[in-house]
Novice: 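For reference, the structure I am asking about is given below.
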Amino acid sequence: MNISKMLSETPTSDLGFGDKQEAKQPSALKVASMTRRRSSAASTCSFSSACYTGSSDEDPVSPREKKQRNTTGFTDFCVKNISSQHSFGRREIEIAEKEMPGILALRKRASDDKPLRNAQIVGCTHINAQTAVLIETLVELGATVRWAACNIYSTQNAVAAALAEAGIPIFAWRGETEEDFWWCLDKCAHSDNWNPNMILDDGGDATHLMWKKYPIIFKGIKGIVEESVTGVHRLYQLVKIGKLTVPAINVNDSVTKARFDNYYNSKDSILDSLKRSTDIMFAGKQVVICGYGDVGKGCAQSLRGQGCVVYVTEIDPICALQASMDGFRVVRLNEIIRQVDIVVTATGNKNVITRDHMDRMKSGCIVCNMGHSNSEIDVNSLHSPELSWLRVRSQVDHIIWPDGRTIILLAEGRLVNLSCSTIPSFVVSVTAAAQALALIELYNAPTGRYKSDVYLLPKKMDEYVASLHLPILDAHLTELTDEQAKYLGLNKAGPFKPNYYRY
């Protein structure tokens, strides 16, 4: 597929590559578990597949111990339960498609050309109804794929079952162990008659595994597409030490991902995840948002709109000035940690919330993470003999101190909106379209166009992704006259902004 031809159709109207360190629960730790059944859909989740699939402790049998096949006899997958869940998952995917106009428009326009013909893609992303639409789009465009989850708690089991029923090699279920996680990813990276040449990553784990365990296969990769701040940082580390041997596109910092998915997705889903998991009333609560990037901005604006008193912590003077001029008080965490009701991390850093901070929180304080990595909250420090863990809901733990004081930890410090709720399909469509275009660009690029480095999505592609989403919003672009285009020094079809422009 000719990318430039497709784009011309735009309508005018510490993050090293070390092994993951997960919290290990010592035998001395006292763990209580409670299972609640509630009559109200509002108090559980809603009838989404995130709620429907439940937590990992509902079925003690590991999917790895089951022999499953779909209705056509296909067996190259490992999901929770294909027979009872695939039809429900298919309905979830169909619902998501109705709110994902951009990726579906791209699928329709490019399906005849098959721009990803013979592409063999290793995918490691969240597995939910929205990413299923992306996966099936890539297959429609000619690719073969093998897919695993980038987060052990965010997989929608019914959706994974629907993908397996469609004959897609999928290895994921909600509540994987650390060993399961790497086993699933290894099944995607290495298999009989499988020679991957592209990676679509969310967090850098697929890249890490192939770079470390399968270096010969990694040398045959034509390109990597990465969508998270964590994974992008890891790619830049490889560049710094001279170990990145293939080109990569950083989708996370593309305009359409940062300004739409990061901001609007967070703005919607922070309320949804907190409400579903804790039933909290927001009005009057004191909240601290750690980090005022696009995710932090969305969270802060949304929580203030619900009547919360919002504080912001920042290391960057520019972001701190933005927060101040947006009406938020910028503080150091130690100044307000004893009084806040909710703590939200959104930095992408490590140990933003330490054990010392949690020792000083008020009883009932809710602690959650909206950043990609699970390193922002020092959960490891909470696995100590003097503290008790009480599981009160799926992904909701009460951590109890010896004096009876309790904090409420959501999703064990992992991404709360994908672990405790669902996310808005429309903004995911924006990111999915950008990811698909980046894969097409790297796969079809002539030799020499891209070196072994990390690139941003070309501005023309960003604008094209945005244009795909305008018709459903009944938005009509104004066209430049020839005189106006000449005056501004622009092509009438774009790009309309220089690369250094800050939206």
Novice: Below 4.5 Å, heavy atoms only, C-beta onward: do Ile366 and Leu410 meet side chain to side chain?
Specialist: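 In contact.
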
Novice: Are any side-chain N or O atoms of Ser381 and backbone N or O atoms of Asp378, one a donor and one an acceptor, separated by less than 3.5 Å?
Specialist: yes

Novice: Can you confirm whether Met361 sits close enough to Ile353 that some side-chain heavy atom of one is under 4.5 Å from a side-chain heavy atom of the other?
Specialist: yes

Novice: Who are the side chain to side chain donor-acceptor pair (under 3.5 Å) partners of Thr431, not counting sequence neighbours?
Specialist: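 Testing Thr431 for side chain to side chain donor-acceptor pair (under 3.5 Å), a comparison that skips the adjacent residues, returns Asp261.
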
Novice: Below 4.5 Å, heavy atoms only, C-beta onward: do Glu165 and Ile82 meet side chain to side chain?
Specialist: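 In short, these two side chains touch, coming nearer than 4.5 Å.
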
Novice: Can you list the steps and then say if Trp183 with Thr177 is a side-chain contact (heavy atoms from CB on, under 4.5 Å)?
Specialist: CA-CA 10 Å; Trp183 179 86; Thr177 66; over 6 Å; no

Novice: Are the side chain of Asn151 and the backbone N or O of Tyr153 linked by a donor-acceptor pair below 3.5 Å?
Specialist: yes

Novice: Heavy-atom distance under 4.5 Å between the side chains of Val288 and Leu333, does that happen here?
Specialist: yes

Novice: Would you find more than 12 non-hydrogen atoms of other residues, nucleotides or ligands less than 6.0 Å from Lys98 atom NZ?
Specialist: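 No, because the 6.0 Å sphere around NZ of Lys98 holds 12 heavy atoms or fewer from other groups.
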
Novice: Within the 4.5 Å heavy-atom criterion, are Leu163 and Trp147 side-chain neighbours or not?
Specialist: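 Of all side-chain heavy-atom pairs linking Trp147 with Leu163, none is under 4.5 Å.
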
Novice: Tyr214: which residues meet the side chain to side chain donor-acceptor pair (under 3.5 Å) condition with it, sequence neighbours left out?
Specialist: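 Only Asp186 meet the side chain to side chain donor-acceptor pair (under 3.5 Å) criterion with Tyr214.
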
Novice: Counting C-beta onward and ignoring hydrogens, is there a side-chain heavy-atom pair between Asp341 and Cys365 closer than 4.5 Å?
Specialist: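 Side-chain contact under 4.5 Å: no.
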
Novice: Any donor-acceptor pair under 3.5 Å linking the side chain of Gln306 with the backbone of Leu303?
Specialist: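 No, because the side chain of Gln306 does not come within donor-acceptor range (under 3.5 Å) of the backbone of Leu303.
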
Novice: Do Arg276 and Thr422 have side-chain N/O donor and acceptor atoms under 3.5 Å apart?
Specialist: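 Yes, side-chain donor-acceptor contact under 3.5 Å.
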
Novice: Step by step, work out the side-chain contact (heavy atoms from CB on, under 4.5 Å) result for Asp76 and Phe171.
Specialist: CA-CA 9 Å; Asp76 191 15; Phe171 301 86; 3.4 Å; yes

Novice: Answer whether the closest heavy-atom distance between the side chains of Phe218 and Thr245 falls below 4.5 Å.
Specialist: yes

Novice: For Ala436, give me all partners under side-chain contact (heavy atoms from CB on, under 4.5 Å), at least two apart in sequence or on another chain.
Specialist: Ile103, Leu106, Leu134, Leu138

Novice: Taking atom CD1 of Ile270 and atom NZ of Lys275, what is their separation to the nearest 0.5 Å?
Specialist: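 So the gap between those two atoms works out to 12.5 Å.
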
Novice: For Asp316, does its backbone N or O pair with a side-chain atom of Glu314 as donor and acceptor, under 3.5 Å?
Specialist: yes

Novice: Within a reach of under 6.0 Å around CD1 of Ile318, are more than 12 heavy atoms found that belong to other residues, nucleotides or ligands?
Specialist: no

Novice: Decide yes or no for Ile93 and Glu136: does some side-chain heavy atom of the first lie under 4.5 Å from some side-chain heavy atom of the second?
Specialist: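 Touching, per the 4.5 Å side-chain cut-off.
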
Novice: When you measure from the side chain of Lys350 to the backbone N and O of Glu376, does any donor-acceptor pair fall under 3.5 Å?
Specialist: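 No, the answer is negative, given that no donor and acceptor are paired below the 3.5 Å cut-off.
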
Novice: Just by modelled atom types, is the Ser419 backbone N or O under 3.5 Å from a matching donor or acceptor in the Arg174 side chain?
Specialist: yes

